[in-house]
Amino acid sequence: MYRKMKARLDKVVPDVELRYKAELAAEIMDLKQKKNAVILGHNYMEPALYYSIPDFVGDSLELSRKAAQTDKDIIVFCGVKFMAETAKILNPTKTVLLPSEKAGCSLAASITAEDVRALKRHFPGVPVVTYVNTYADVKAESDICCTSSNAAKVVESLKSDTVIFLPDEYLASNVARETGRKIVFPALTPSPLPKSGEGAGGEGIMIGWRGRCEVHEKFTVSDIEAVRQQFPEVAILAHPECSPEVVAAADFSGGTGAMIRYVEQSKAPQYLLLTECAMGDNIAAANPDKEMLRLCSVRCPHMNQITLEDTLNALKLDRYVIEVPEEIRAKAYRAVERMIKIG
Ligand code: 13P
Ligand code: SF4
């Protein structure tokens, strides 16, 4: 295991750390096999974990697909709670483990199921799209889920001029622009919804919510300008959870999987990723010929909770088990399954 990790991570992880983590990873691999488990790792996992124990790595949509297909008894989700819940929604008879109880998400925490019910009472009949970065009870109130990689496709699939899109203010604004809609953030007082066609260009309407990713909201256009001044040919990639101004100033915007593919397939002299910093390390490890710039002052405090130590304990102690009440799971399943079918 040490040799395998060294070959990939020599320039990214100090040797002393690599030796220690390789031992943990070897123990996890052993237990994984004994317990017939599958390990799914999100693209934001730290390099030593990302390149050692997962059977599959990917963005949230790719991992939902893998979760839906697995025949293992246990799914260990190296990601955050809403992702592990999605795996449970898709696999009610399997044990789903999340290695840390602290791996939340500011977007998932920004909205409750009652908030969604209030919006539905206010805007009866308007279809509800929820970002997968929400908890199961919120998904259960939705017509369909989406991830950052399929959000525009999901919205367009509804063939509705007016769509409720929850809970990320910035993702909603970016998708509204992409799909030619006006975005509104209504206070839930009896103010009438603008009628379809009342937007500036006679376009459709997207009703948003003021949730934000505490990581991506921190990137600014000044960050981009400062980096471009120093590296005029840099390619700048922004996650769609960044503000519309930041997305407009970047060269590319896409989910974590799309960002990885963009770097692999293009030939810029440098790249700057406006997203969780660990992903830059993971891309640098796989593409030693590419120069990755980092703005690592901004980290996701939730994804960072998932360590090799906690993953080992998760498998040893069967913790932390993700439970979703059946009546909520069955309703949330419809919304997640409908998304997966769209792709
Ligand atoms: P992706 O769906 O792009 O993997 O993003 C998940 C996430 O939490 C981004 O902050
Ligand atoms: Fe949530 Fe943002 Fe962390 Fe992604 S990066 S898990 S959206 S807080």
Side-chain angles (χ1 to χ4, degrees), residues 40-46 50 54 56-68 77-87 98-111 129-135 138-139 145-154 165-175 178 209-219 237-243 246-247 250 252-263 273-283 294-306 336 339-340 342-343:
L40 304 180
H42 186 261
N43 289 330
Y44 287 165
M45 291 296 103
E46 58 119 348
Y50 185 84
F56 301 102
V57 290
D59 62 24
S60 40
L61 180 62
E62 289 157 353
L63 294 180
S64 304
R65 287 218 186 87
K66 294 295 176 196
F77 215 115
C78 291
V80 290
K81 186 177 174 195
F82 73 79
M83 297 181 178
E85 268 193 0
T86 304
L98 180 67
S100 168
E101 282 183 308
K102 295 185 192 140
C105 170
S106 66
L107 279 172
S110 73
I111 191 159
V129 180
T130 53
Y131 193 27
V132 285
N133 296 37
T134 47
Y135 292 123
V138 167
K139 290 186 173 79
C145 289
C146 74
T147 72
S148 54
S149 65
N150 61 15
K153 213 165 150 186
V154 164
F165 189 104
L166 309 169
D168 186 350
E169 170 183 347
Y170 287 159
L171 179 65
S173 305
N174 289 320
V175 174
E178 204 180 329
W209 186 256
R210 300 256 188 217
R212 290 209 193 153
C213 163
E214 67 190 279
V215 179
H216 293 98
E217 71 169 347
K218 295 205 177 76
F219 295 113
L237 288 69
H239 195 280
E241 291 167 10
C242 294
S243 73
V246 165
V247 166
F252 175 79
S253 178
T256 58
M259 282 197 260
I260 293 172
R261 287 187 288 280
Y262 181 97
V263 176
L273 303 184
L274 300 179
T275 196
E276 155 60 44
C277 191
M279 205 173 89
D281 292 333
N282 292 336
I283 297 179
R294 316 272 209 288
L295 283 180
C296 281
S297 49
V298 187
R299 306 299 305 260
C300 175
H302 309 287
M303 290 282 183
N304 286 350
Q305 294 295 329
I306 306 297
V336 174
M339 167 190 81
I340 288 178
I342 284 181

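Given the structure is predicted, the values throughout are model-derived calculations rather than measurements. Just follow the structure's listing: the first ligand is 1, and inside any ligand the first atom is 1.
For the pair T256 and ligand 1, the shortest N or O to N or O distance falls below 3.5 Å. For ligand 1, one of its N or O atoms has an N or O atom of S148 under 3.5 Å away.
In this structure, N43 has no heavy atom closer than 4.0 Å to ligand 1. Between H42 and ligand 1 there is a heavy-atom distance shorter than 4.0 Å. Between M259 and ligand 1 there is no heavy-atom distance shorter than 4.0 Å.
Expressed to the nearest 0.5 Å, how far CD1 of I260 lies from CG of L237 amounts to 10.5 Å. Note that the CD atom of E178 and the OG atom of S253 stand 8.0 Å from one another [nearest 0.5 Å].
Scanning the protein for heavy atoms near atom 8 (O) of ligand 1, the closest one is N133 ND2, 3.3 Å. At the top of the distance list for atom 2 (Fe) of ligand 2, counting protein heavy atoms only, stands C213 SG, 2.3 Å. Atom 1 (Fe) of ligand 2 has its closest protein heavy atom at C105 SG, 2.4 Å. Counting only heavy atoms of the protein, atom 2 (O) of ligand 1 lies nearest to S60 OG, 2.4 Å. Nearest protein neighbour of atom 10 (O) of ligand 1, counting heavy atoms only, is E241 OE1, 2.9 Å. Considering only non-hydrogen protein atoms, atom 5 (O) of ligand 1 sits nearest to H239 NE2, 3.4 Å.
Using cut-offs of 30° and 60° on the angle between ring planes, the pair H42 and Y44 is perpendicular.
In T275, neither the side chain nor the backbone holds a heavy atom less than 4.0 Å from any atom of ligand 2. Proximity of E276 to ligand 2, defined as any heavy-atom pair under 4.0 Å, is not found for any part of the residue.
With a 6.0 Å radius and a threshold of 12 heavy atoms from other residues, nucleotides or ligands, K102 has its NZ atom at or below the threshold.
Screening L166, T130, N133 for a side-chain contact (heavy atoms from CB on, under 4.5 Å) with I111, the sole residue that qualifies is L166.
Here the side chains of S243 and F219 are not in contact, with every heavy-atom distance at 4.5 Å or above.
Ion pair R210/E217 not flagged as a salt bridge, since none of the NZ, NE, NH1 or NH2 atoms sits closer than 4.0 Å to an Asp/Glu carboxylate oxygen.
Checking C300 against atom 1 (Fe) of ligand 2, every N/O/S atom stays at or beyond the 2.8 Å cut-off.
For E62 (side chain) and D59 (main-chain N/O), a donor-acceptor pair under 3.5 Å exists by modelled atom type.
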